[in-house]
Amino acid sequence: MCGSFLSSLHESFLGLRELFFPRRCVVCGRFLSAGETDICESCLEELPLTYQWDIVQNAAFERLARRFEVEAAASLFFFGSESDYRKIIYGIKYGGRRKLARRMGRLLGLKLAGSREFRRCQAVVPVPLHPLRRWKRGYNQAEEIARGIADAMGLPLETRLLRRHRYTRTQTRLRGEAKTKNVQGAFRTDPQRAALLQADSIRYLLLIDDVLTTGSTLAACADPLRDAGFHISAATLGFAGG
Ligand SMILES: [Zn+2]
């Protein structure tokens with residue numbers, strides 16, 4: 001009897017919490033049902049997937065190949081400036097939705113795990129945040145996405161190889177050339193960590209960011225990694241301008 005009383009109390013507590021703090025879909029804003037987290041089933045079903053993991057010379061690959069020698073590239077979904085799916089990225093980046101970042105990362109990781117193009121990847125490397133920005137935000141969104149991808153692909157997550165040594169302006173409001181100049185030379189590799197990985201025969205890395213817009217951030221990361229002798233593939237959740 002005590003147990004059923006407690007469970008009904010628990011249920012009414014959950015009901016009350018729903019009443020005062022209703023959970024809404026990050027994309028369409030509708031109330032979420034009990035089994036849903038962050039995104040409702042129908043928004044998840046309608047996620048505008050790119051299918052770039054099935055296409056060798058896809059739009060993500062071509063965008064990056066203009067900037068550096070990239071092995072393979074893919075984004076999970078398209079988002080234009082009008083798309084509500086942009087809210088997934090905002091939620092992950094500025095809304096503290098860490099779990100959503102991991103979950104979307106796992107979704108992308110499953111696609112990449114089934115792709116021939118990405119089978120050579122040996123470790124997953126997130127684009128680092130400057131320590132000051134990481135401290136302000138509480139976490140690095142690219143690292144959370146990379147954690148989900150690493151999980152799904154059964155690969156190690158590598159966070160000590162690449163460092164952001166310069167504090168740069170946020171890329172969100174910059175365009176074209178200004179973006180490239182803003183991040184150029186902002187990243188360095190740790191030579192000791194690079195030597196350690198290469199002693200373990202790890203040479204093929206999968207670089208992860210939240211979105212692919214001009215490709216300047218991924219290129220700024222790929223340059224020092226390639227100089228250190230690594231081969232680079234890249235993946236992001238969002239693909240801008242699709
Ligand atoms: Zn929805």
Side-chain angles (χ1 to χ4, degrees), residues 10-55 58-60 63 73-115 118 124 126-127 129 136-153 170-173 206 208-215 217-218 234-242:
H10 185 235
E11 267 170 36
S12 26
F13 170 72
L14 287 180
L16 277 176
R17 195 180 62 176
E18 285 288 282
L19 193 66
F20 290 109
F21 307 102
R23 301 175 313 126
R24 286 172 178 270
C25 169
V26 71
V27 180
C28 70
R30 279 204 299 259
F31 292 119
L32 293 175
S33 59
E36 296 171 335
T37 29
D38 298 306
I39 308 179
C40 74
E41 279 303 315
S42 66
C43 284
L44 208 52
E45 265 171 36
E46 284 161 29
L47 190 69
L49 297 175
T50 68
Y51 295 96
Q52 286 168 344
W53 45 90
D54 287 336
I55 309 161
N58 62 58
R63 197 175 287 181
S75 302
L76 182 65
F77 62 90
F78 291 112
F79 72 98
S81 53
E82 303 295 309
S83 168
D84 280 339
Y85 283 95
R86 194 170 263 268
K87 293 176 190 165
I88 293 180
I89 303 296
Y90 289 154
I92 286 171
K93 211 164 176 167
Y94 307 111
R97 290 182 185 263
R98 257 172 117 148
K99 278 190 184 157
L100 178 60
R102 285 196 197 186
R103 181 178 171 198
M104 298 305 287
R106 270 195 296 275
L107 205 58
L108 175 55
L110 289 174
K111 309 289 186 198
L112 303 180
S115 164
F118 290 86
V124 183
V127 168
L129 275 186
K136 280 187 189 165
R137 196 171 287 172
Y139 63 97
N140 171 4
Q141 76 279 5
E143 189 177 319
E144 299 302 321
I145 297 163
R147 211 174 283 282
I149 292 173
D151 261 8
M153 296 181 83
T170 174
Q171 291 282 83
T172 315
R173 279 178 232 104
L206 178 58
I208 305 301
D209 205 359
D210 48 5
V211 292
L212 174 53
T213 49
T214 63
T217 304
L218 287 168
T236 69
L237 287 187
F239 184 81

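Just follow the structure's listing: the first ligand is 1, and inside any ligand the first atom is 1. Just so you know, residue 1 is the first one in the sequence shown, and it goes up from there.
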Under the rule for side chain to side chain donor-acceptor pair (under 3.5 Å), what residues qualify as partners of K111, not counting sequence neighbours?
none
Any donor-acceptor pair under 3.5 Å linking the side chain of R23 with the backbone of S33?
yes
Closest heavy-atom pair, C43 versus Y85, reported as atoms and distance to 0.1 Å, is O-OH, 2.5 Å
Between G105 and I149, which heavy-atom pair has the shortest distance, and what is it?
O-CG1, 3.1 Å
Please enumerate all residues that pass side chain to side chain donor-acceptor pair (under 3.5 Å) together with R106, with sequence neighbours excluded.
none
Where at least one partner belongs to residues 32-54, residue pairs that pass salt bridge (Lys or Arg N to Asp or Glu O under 4.0 Å), sequence neighbours excluded:
D38-R97
Closer than 2.8 Å to the Zn ion (ligand 1) - protein N, O or S atoms, ordered by chain and residue number:
C25 SG, C28 SG, C40 SG, C43 SG
